[in-house]
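Below, read A as the first sequence line, B as the second, and so on, with proteins coming before strands; counting in each chain starts at 1.
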Amino acid sequence: MIRGCSQIQNPSKEPIFLFKKLIKRGYPNPNSFTLAFVLKACAIISASQEGRQIHSHVLRTGFNSSPFVQTAMVNLYAKCEEIGLARKMFDEIPERNLVTWSTIISGYARIGLVNEALSLFREMQMAGISPDEVTMVSVITACASTGALDLGKWVHKFVDKYVIKVDLELSTALVNMYAKCGCIERAKKVFDEMPQRDTKAWSSMIVGLAIHGLAEEALEVFSRMLEANVKPNQVTFVGVLSACAHSGLVSEGWRFWSSMLEFGIEPVMEHYGCMVDLLCRAGFIEVAYKFVETMPISPNPIVWRTLLMGCKEKGILEKGEFVAERLLELEPLNPENYVLLSNLYAANFQWEKVSYVRKKMKENGIQAIPGCSSIEVDGFVHEFVVADRSHQESYEIREVLRDVTDRVRRVGHDPWTSAVLHDVEDEEKKSALCEHSERLAIAYGLLKTKAPTVIRIVKNLRVCGDCHEVTKIISKVYEREIIVRDRVRFHRFFNGTCSCKDYW
DNA sequence: GTAGGGTTAG
C-alpha cells in the first residue's frame with residue numbers, strides 16, 4: 001500500500017502517513033521492504049524531515065544492513081539536495097553493488113557536479129562493478145551539463161563497446177546530451193533511429209532543436225509527434241514556445257499558447273516566461289508588460305528579469321526602472337539584476353545612475369558573476385574568465401587576439417562599445433571587449449586546432465553583441481566553424497553568419 | 001511485495 005500510493009501521478013504525503021499509522025499501531029513491525037518503500041516515498045517528494053526520522057528508525061531497528069534500505073537512504077539524501085550526507089552514507093556502506101553506485105552517480109549528475117559523477121564512474125569500474133544502462137543515463141546526463149562534446153562521444157562509444165542496452169531512457173539521454181553539447185545532427189540521428197518514442201523523447205528533440213534556433217524543425221517534429229498520437233505535456237510546450245521565442249515566430253507562439261488549453265495543459269511559470277521572452281525579443285515590450293501584469297500566478301524573478309532584459313535591449317528606460325524595482329524587491333541579492341539595470345542605464349548613457357547601481361552593489365556586498373568560457377582541446381577542458389591571464393599559453397593567446405583585432409578592424413568592424421558598462425574612455429572600452437572570456441577561448445581554439453575542427457565554446461553568461469559580431473567575422477576570415485553555447489542557446493558561426501540570424 | 005535512469009522558461 002505504501003509503495004502503491006507513492007507511484008501515482010501526483011505524489012503526496014499519503015505513503016508517509018500510512019507508515020506513521022503502522023508505527024502507531026505497533027504491529028506488524030516494518031521490515032526492509034517497508035522501509036525501502038517509505039524512504040523512496042520521501043525521496044519522491046523531497047521530504048527530508050520525515051526522511052531523517054525514518055533514517056533513525058532504520059538505525060534503531062538494525063535494518064541499515066539491508067542493501068535495499070542503504071540504497072534508498074543514499075537516494076533519499078541525494079534527492080533532498082543533501083549530497084554530502086548521501087556521500088557519507090554511501091562511503092559507509094561496506095558492500096556496494098551496481099545499484100548503490102548508480103544511485104550516488106545519479107545524485108551528483110542531477111545537481112551538475114559533473115567531475116564528482118565522472119570520477120565515481122571510474123572508481124566504480126576499478127571496484128570491479130560493470131555499469132548498466134541505468135548508470136550510463138546518469139553519466140550521459142553529466143556530460144550534457146558540461147557541454148563537452150568529446151566526453152559525451154566517448155561515453156556513447158563506451159555504451160556501444162560494452163554492449164549496454166540502449167533503451168528508451170538511454171536514447172533520450174543521448175538525444176539531450178548531443179543537443180546540449182552542440183551537435184544537433186547527432187541528436188537527430190539518435191532520435192531518428194529510436195524504435196519507439198514517448199513524450200519525453202519527443203520533448204527532448206523539440207527542446208534540442210529550440211535551443212539551436214531551429215524553430216521550423218522543432219515545430220515540424222511537434223506535428224509529427226501529434227501524428228504519432230503521442231500526447232504532449234508541459235515540457236513539450238516549453239520546447240515549442242521557446243522555439244517560437246528564439247525565432248521571432250510571434251503569431252505562431254500565440255497560437256500554440258492558446259492550444260495548450262485544448263490539450264488540457266495548464267500553463268506554468270516556464271510557459272509564461274517563454275511568452276514574455278517571445279514578446280520582448282520581438283520588441284512588444286508594452287504587450288509583454290501587460291501580459292505579466294495579468295498573469296494569474298505571481299511572476300517570479302525570471303519573468304521580471306526577462307522583461308527587464310527586453311527593456312534594456314530596446315533602451316526603454318522608465319519602464320525598465322519600474323521593472324527593476326519589482327525585481328529587486330523579490331531578489332535583492334542576485335548580482336545579475338544589478339548588472340542588467342546598470343546595462344540599461346549604460347545603454348541610455350546615464351553614467352551617474354550606472355555608478356549609483358555599482359555603489360549599491362558594493363554596499364550590499366554583491367559581486368557581479370564574471371564571464372567564463374571553456375573550450376575542450378584534446379580531452380582537456382580549458383577555462384577562461386574575463387581578462388584571464390592565468391593560462392599557461394597566455395602570451396600566445398594574446399598574440400592571436402591581436403591578430404584577430406587587426407583582421408576584424410581591417411574588414412571595417414567598429415567595436416560596439418555600448419556593451420561595456422563602465423563610463424571609461426572609448427579606447428579602454430575597445431580593449432575591454434577583447435578581454436571577454438569567449439574571445440580568449442576562441443583565440444585558444446584558433447591557436448590549438450586547425451580547420452575543419454569545429455571550435456566549440458561553452459559560456460556561463462550570454463554572449464555580448466560585440467563578441468557576437470566579431471565571432472561572425474572570425475568564422476569568415478579564419479574560415480572556421482565556431483559553435484558557442486551561451487547561457488540559454490546555441491550560436492553556430494559559419495562563413496560570416498550566425499545560425500541565430502542575429503535574433504537573440 | 002524490495003533500491004538506481006531520460007524532456008522544463010531568462
Side-chain angles (χ1 to χ4, degrees), chain A residues 1-4 31-40 43 63 66-76 78-79 93 96-107 109-110 131-141 144 165-177 179-180 191 194 197-208 210-211 232-246 267-278 280-281 299-310 327 334 336-337 340 461-462 486-489 504:
Chain A
M1 198 60 219
I2 288 170
R3 185 175 186 228
N31 62 12
S32 65
F33 289 81
T34 335
L35 291 164
F37 295 154
V38 72
L39 284 166
K40 164 87 179 186
F63 282 106
S66 153
F68 296 95
V69 175
Q70 289 164 347
T71 308
M73 289 199 296
V74 173
N75 183 46
L76 167 79
K79 294 276 152 66
I93 297 172
R96 302 164 201 153
N97 61 24
L98 171 62
V99 183
T100 338
W101 281 100
S102 300
T103 307
I104 193 72
I105 291 171
S106 113
R110 225 172 48 86
D132 68 357
E133 66 276 12
V134 180
T135 326
M136 295 317 289
V137 165
S138 297
V139 177
I140 292 165
T141 303
K165 194 175 150 214
V166 182
D167 60 10
L168 183 61
E169 287 86 351
L170 182 52
S171 313
T172 307
L174 284 172
V175 170
N176 178 50
M177 182 275 287
K180 297 273 162 70
F191 181 76
M194 286 172 74
R197 308 174 188 104
D198 65 357
T199 302
K200 287 181 183 177
W202 286 97
S203 304
S204 268
M205 192 67 250
I206 291 168
V207 169
I211 58 175
N233 66 7
Q234 293 185 326
V235 183
T236 321
F237 273 95
V238 168
V240 168
L241 295 178
S242 71
C244 294
H246 286 300
V268 294
M269 198 64 82
E270 284 88 340
H271 302 109
Y272 288 98
C274 288
M275 290 308 287
V276 174
D277 190 33
L278 172 80
C280 281
R281 289 195 210 211
N300 73 356
I302 299 181
V303 170
W304 285 118
R305 194 153 47 240
T306 307
L307 201 48
L308 178 55
M309 200 124 49
L327 179 57
N334 187 340
E336 285 177 54
N337 302 339
L340 256 178
L461 307 174
R462 298 227 64 180
D486 83 5
R487 176 96 180 246
V488 295
R489 61 164 296 159
W504 53 286

Side-chain donor-acceptor distances from residues 200-208 of chain A under 3.5 Å, at least two apart:
{"residue": "A:Ser203", "atom": "OG", "partner": "A:Thr199", "partner atom": "O", "Å": "2.7"}
{"residue": "A:Ser203", "atom": "OG", "partner": "A:Thr236", "partner atom": "OG1", "Å": "2.9"}
{"residue": "A:Ser204", "atom": "OG", "partner": "A:Lys200", "partner atom": "O", "Å": "3.4"}

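Among the protein residues, A:Met269 comes within range of the nucleic acid bases, having at least one heavy atom under 4.0 Å from a base atom. At the heavy-atom level, A:Thr71 lies under 4.0 Å from base atoms of the strands shown. Among the protein residues, A:Glu133 comes within range of the nucleic acid bases, having at least one heavy atom under 4.0 Å from a base atom. The residue A:Thr103 sits close only to the backbone: its heavy atoms come under 4.0 Å of sugar-phosphate atoms, none of a base. Among the protein residues, A:Phe37 comes within range of the sugar-phosphate backbone only, with heavy atoms under 4.0 Å from sugar or phosphate atoms but none that close to a base. Within the nucleic acid shown, A:Leu170 comes within 4.0 Å of at least one base atom, counting heavy atoms only. A:Leu98 comes within 4.0 angstrom of a nucleotide base, judged by non-hydrogen atoms across all strands. Looking at heavy-atom distances under 4.0 Å, A:Pro67 makes contact with a base. Heavy atoms of A:Ser66 sit nowhere under 4.0 angstrom from any nucleic acid atom. Counting non-hydrogen atoms under 4.0 angstrom, A:Asn334 reaches nothing in the nucleic acid. Residue contacts shown for A:Thr306 are limited to sugar-phosphate atoms, with no base heavy atom under 4.0 Å away. A:Ala109 comes within 4.0 angstrom of nothing in the nucleic acid, heavy atoms only. In this structure, A:Lys165 reaches neither bases nor backbone, as no heavy-atom distance under 4.0 Å exists between it and the strands shown.
For DNA chain B, the contact window with chain A, defined by any atom under 4.0 Å from a protein heavy atom, covers B:dG1 to B:dG10 in 5' to 3' order.
With A:Asn75 as the partner, the side chain to side chain contact (heavy atoms under 4.5 Å, CB included) test is satisfied by one option alone out of A:Thr100, A:Thr103, A:Leu39: A:Thr103.
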Yes or no on side chain to side chain contact (heavy atoms under 4.5 Å, CB included) for A:Leu340 and A:Arg305, after CA distance, side-chain angles and deciding distance?
CA-CA 8 Å; A:Leu340 256 178; A:Arg305 194 153 47 240; 3.4 Å; yes

